[in-house]
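Worksheet: one structure, shown below.
Numbered from 1 within each chain, the chains take letters A, B, ... in sequence-line order.
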There are 2 protein chains.
Amino acid sequence: MMIAVAVPDDEEAEFTERQREVLDVVLALMVEEGDGFSVARIARAASCSKESLYKWFGDRDGILTATVQWQASRVRAGEYDRQRLDAAQLRKSLEGFAANWLSVISSKTSIALNRVAVSHAGNGRSRLGQIVLANGRFAIGERLKPILEAGRAAGILDFESSEEAFRAFFGLVGRDVQIRFLLGDDFLLDEETIATDARRAIDQFLVLFGTGKDGKKNAGGTGDAPAAGEAKISII
Amino acid sequence: MMIAVAVPDDEEAEFTERQREVLDVVLALMVEEGDGFSVARIARAASCSKESLYKWFGDRDGILTATVQWQASRVRAGEYDRQRLDAAQLRKSLEGFAANWLSVISSKTSIALNRVAVSHAGNGRSRLGQIVLANGRFAIGERLKPILEAGRAAGILDFESSEEAFRAFFGLVGRDVQIRFLLGDDFLLDEETIATDARRAIDQFLVLFGTGKDGKKNAGGTGDAPAAGEAKISII
DNA sequence: CATGTACCGTACCGTACGGTACGGCGTCAA
DNA sequence: TTGACGCCGTACCGTACGGTACGGTACATG
């Protein structure tokens, strides 16, 4: 299957207002009950008829797929603004990116969507796995790489392949967080823990990929909390 | 739920020979078809009666739980032999550990079990998530930490918390591999890629946590392939 | 041989679910 | 006013599945 490059998965089915309302209800159901609800349950919760659901989305998998696409398309705003690069700014961007991503993957919404997508990836039904992959893992890769490359161009970072640098970033930031949440280990990961985890991850990342030519290398204690106004990366 | 410490999940239900045969068939079904097979399908595939299945395992969830436990108990052998510590030996152990774990999480069996466990963790049914967590993530943690601590005691490694050091190891080795496989991205990860990935991960790990007092720090090109005879870590 | 045990194969039951059909209601345009 | 349209609510249908029951067989034990 091997997802190639594409991020947006350009099939952008537009939904009507009513349909979006319904999809939000489905999303809430997925968060609360996983994948185990019936179409009748959706209709009841959303106060709509099963007939409408089938007319709009085809079948049950179509409902779930539309829900995931709707959620994925939701936060496609917030482009990263390419500011003038100095090491402190880069560090701040990376920390904001890391903290944001950590808060996303620990959110109930992301966990629920990933769970459904993973279970659907098992048996062949539906493309949910690919959709989540494209809008999660690969989307944030495509968003982070330009930042990394800008850092390299400015002489602050050093790496051969931005893909490999990104994967190291992914590992250092995410560690065991996502798999633990997916498997139901609901350990505490509050705002503060996320901030310190993000800082530690970026410290480590800069040790591995920083040139040390600009900015306090491996200092780590001074900066304030990761920028709150950073671009939302991905909701999945 | 926050799994505390325990690894073996000591409820070790012993299974008869016939039951183990059946559980292997269930495992094969899970690998091939995910979670979407009926109990009748198991009975047909295993040439046993549904009545026996229900007598042995209670209900369908009991069958799946027994399957996961059986697989988990399978490779609990292979203890790490505490050899005399020098840096080259430690590096070799870590590389072997990493390569072994990568080959496990990219195996069809592990992917299938984790998928089922993740989907069951969504709705509350069954303890599959916790079982997989205990025998996967936490089991390898408990196996690796003594090695890391031995390395620290020998002055080769430096870290405050072995838990944190292990989580960094986990991230550097696993990166995006597990989530990509779980979501159905069947990219190539052959023996050779695993070996080089393991070496790169350990190089990075040693940059972050090595003291550099012993052994070629950050050299990376010389060692041969990771020891093949290393202990099997975990099958999940 | 008689009895018990463990199991297989199959038939059976109740239910829950995916998907369809239909009647009714509000809205809007001619 | 009339008709078309979109939608809700509900009733309906077929099926597939979880779980149980039962008859039949092999085997072991006395």
Quiz item: Considering only heavy atoms, which members of residues 38-48 of chain B lie under 4.0 Å from some atom of DNA chain D?
Solution: B:S38, B:V39

Self-check item: Interface residues of residues 28-36 of chain B with DNA chain D (non-hydrogen, below 4.0 angstrom)
Solution: none

Self-check item: Plane angle bin for A:F166 and A:F170 - parallel if under 30°, tilted between 30 and 60°, otherwise perpendicular
Solution: perpendicular

Practice problem: Look at A:R137 together with A:E163 and state whether they make a salt bridge at an N to O cut-off of under 4.0 Å. | Solution: yes

Quiz prompt | NZ/NE/NH1/NH2 to OD/OE distance under 4.0 Å, A:E95 and A:K92 | solution = no

Self-check item: Partner set under side chain to side chain contact (heavy atoms under 4.5 Å, CB included) for A:V177, not counting sequence neighbours
Solution: A:L102, A:I105, A:F181, A:F187, A:L189, B:R167

Practice problem: Sequence neighbours left out, what passes side chain to side chain contact (heavy atoms under 4.5 Å, CB included) with A:D24? Give chain and number order. | Solution: A:W70, A:R74

Quiz item: Say you draw a straight line from CZ of B:F169 to CD1 of B:I140; how long is it, rounded to the nearest 0.5 Å?
Solution: 7.5 Å

Quiz item: How long is the gap from CG on A:L53 to SG on A:C48, to the nearest 0.5 Å?
Solution: 4.0 Å

Practice problem: Using the side chain to side chain contact (heavy atoms under 4.5 Å, CB included) rule, pick out the option among B:L183, B:V116, B:I111, B:N114 that qualifies with A:V118. | Solution: B:L183

Quiz item: Between A:G58 and B:S52, who's closer to the 5' end of DNA chain C by nearest nucleotide?
Solution: B:S52

Exercise. To the nearest Å, give me how far apart NZ (B:K55) and P (C:dT5) are.
Key: 10 Å

Quiz item: Does a donor on one side chain sit under 3.5 Å from an acceptor on the other, for B:S107 and B:S110?
Solution: no

Quiz item: Among all residues two or more places apart in sequence or in another chain, which pass the ring pair (Phe, Tyr, Trp, His ring centres under 6.0 Å) test with A:F37?
Solution: none

Quiz item: DNA chain D: B:R60 or B:S49, which has the more 5' nearest nucleotide?
Solution: B:R60

Quiz item: Can you give the first and last nucleotides of DNA chain D, 5' to 3', that have an atom under 4.0 Å from a heavy atom of chain B?
Solution: D:dC17 to D:dC22

